[in-house]
Amino acid sequence: EVQLVESGGGLVQPGGSLRLSCAAASGFTFAPYAIGWFRQAPGQEQEKVACINISDGDAYTEPPLRDRFTISADRRKNTVYLQMNQLKPEDTGTYHCAVSDDYVCAPRYYKIWGPGVQVTVSS
């Protein structure tokens, strides 16, 4: 069974940066799939952050986040990253990466999910 693992989260001050990583704890290869990042704050709805089509690097970032967040993939390392800059308290939440057969950026299309990593932005 495929297992995803997220890393790179933690506590950071407003204005700081974090780089999240998503990797497979197995021989699973991301190449044929799309990988998405989604987040959820306590008591809030889950929201999309960014998605990437691994085969060609085509990527999407939710418009309010485009100036600060960037998704990328390293095919040789079989790893997807989410670079988060100029972090704000409202970015606080649990961040999950997930796998989709198709290049879409809506959580219902994603069938394999990592356990999530906490990001806390606070002074």
Side-chain angles (χ1 to χ4, degrees):
E1 182 173 315
V2 176
Q3 293 187 357
L4 304 181
V5 58
E6 303 99 337
S7 61
L11 175 64
V12 65
Q13 293 185 343
S17 297
L18 288 173
R19 188 194 195 197
L20 305 184
S21 298
C22 175
S26 68
F28 181 79
T29 300
F30 289 161
Y33 304 103
I35 305 295
W37 286 99
F38 306 89
R39 71 184 185 185
Q40 188 169 19
Q44 302 296 314
E45 296 285 332
Q46 186 179 58
E47 60 181 351
K48 69 179 75 173
V49 176
C51 300
I52 187 166
N53 195 35
I54 302 299
S55 63
D56 61 8
D58 194 13
Y60 169 88
T61 304
E62 192 71 357
L65 304 176
R66 287 178 180 175
D67 291 339
R68 301 187 295 116
F69 287 20
T70 303
I71 189 169
S72 63
D74 186 326
R75 295 174 187 82
R76 293 195 65 184
K77 294 182 178 179
N78 203 47
T79 302
V80 174
Y81 304 100
L82 181 68
Q83 180 68 46
M84 305 186 294
N85 298 325
Q86 302 171 34
L87 283 161
K88 304 175 180 180
E90 53 262 44
D91 296 317
T92 294
T94 301
Y95 285 67
H96 296 264
C97 68
V99 179
S100 174
D101 289 340
D102 301 307
Y103 180 48
V104 294
C105 204
R108 67 186 179 95
Y109 291 97
Y110 287 75
K111 305 304 181 184
I112 304 172
W113 289 76
V117 63
Q118 182 66 30
V119 171
T120 303
V121 185
S122 176
S123 61

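Source: prediction; values computed, not measured. Every heavy atom of this structure was used, including side-chain atoms; hydrogens, water molecules and symmetry mates were not.
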side-chain hydrogen bond (donor to acceptor under 3.5 Å, both in side chains) filter on S100, not counting sequence neighbours, yields none
For T92, does its backbone N or O pair with a side-chain atom of T120 as donor and acceptor, under 3.5 Å?
no
Residues at least two apart in sequence or cross-chain that pass side-chain hydrogen bond (donor to acceptor under 3.5 Å, both in side chains) with Q86, listed by chain then number, are none
Closest non-hydrogen contact found for A24 with N78 is CB-ND2, 4.2 Å
Separation between OH (Y95) and CG (L82), nearest 0.5 Å, reads 7.5 Å
Residues at least two apart in sequence or cross-chain that pass salt bridge (charged side-chain N to carboxylate O under 4.0 Å, His left out) with R68, listed by chain then number, are D91
Note to self: Would you say CG of D56 has more than 12 non-hydrogen atoms from neighbouring residues, nucleotides or ligands within 6.0 angstrom?
What the structure shows: yes
Next item on the list: Kindly indicate, with the supporting measurements, whether the criterion side chain to side chain contact (heavy atoms under 4.5 Å, CB included) is fulfilled by L18 and V119.
Entry: CA-CA 9 Å; L18 288 173; V119 171; 3.9 Å; yes
Apart from Y81 itself, members of its ILVMFWY cluster (side-chain separation under 4.5 Å) are none
Exam field: side chain R75 to backbone A31, donor-acceptor pair closer than 3.5 Å: no
Looking at Q3, I want to see if its CD is surrounded by more than 12 non-hydrogen atoms of other residues, nucleotides or ligands under 6.0 Å. no
Sorted by chain and residue number, the side-chain hydrogen bond (donor to acceptor under 3.5 Å, both in side chains) partners of T29 (sequence neighbours excluded) come out as none
Which atom pairs, donor and acceptor, lie under 3.5 Å between side-chain atoms of residues 4-12 and protein residues at least two apart or in another chain?
unit_1, atom_1, unit_2, atom_2, d
E6, OE1, G116, N, 2.9
E6, OE2, C97, N, 3.0
E6, OE2, G116, N, 3.2

Q) Side chain of D74, backbone of R76: donor and acceptor closer than 3.5 Å? A) yes
To the nearest 0.5 Å, atom OG1 of T94 lies from atom CD of Q46 at 10.0 Å
| V117 and V49: same hydrophobic cluster, using ILVMFWY side-chain contacts below 4.5 Å? | yes
- Test side chain to side chain contact (heavy atoms under 4.5 Å, CB included) applied to I54 and V80, step by step: CA-CA 9 Å; I54 302 299; V80 174; 3.7 Å; yes
Residues passing the side-chain hydrogen bond (donor to acceptor under 3.5 Å, both in side chains) test with E62, sequence neighbours excluded, are Y60
Taken in chain and number order and not counting sequence neighbours, the residues that satisfy side-chain contact (heavy atoms from CB on, under 4.5 Å) with N85 are S17, Q83
Residue set satisfying side-chain contact (heavy atoms from CB on, under 4.5 Å) with K111, at least two apart, ordered chain then number -> none
Output for pair (I52 CD1, T70 OG1), nearest 0.5 Å, gives 10.0 Å
Grouping ILVMFWY residues whenever side-chain heavy atoms fall under 4.5 Å, the cluster of Y110 otherwise contains F38, V104, Y109, W113
Applying salt bridge (charged side-chain N to carboxylate O under 4.0 Å, His left out) to E47 and not counting sequence neighbours gives R39
Rounding to 0.5 Å, atoms CG (D102) and SG (C51) come to a distance of 12.0 Å
Residues passing the ring-ring contact (aromatic ring centres under 6.0 Å, His included) test with Y33, sequence neighbours excluded, are F28
Value for CD1 (I35) from CZ (F30), rounded to nearest 0.5 Å, stands at 4.5 Å
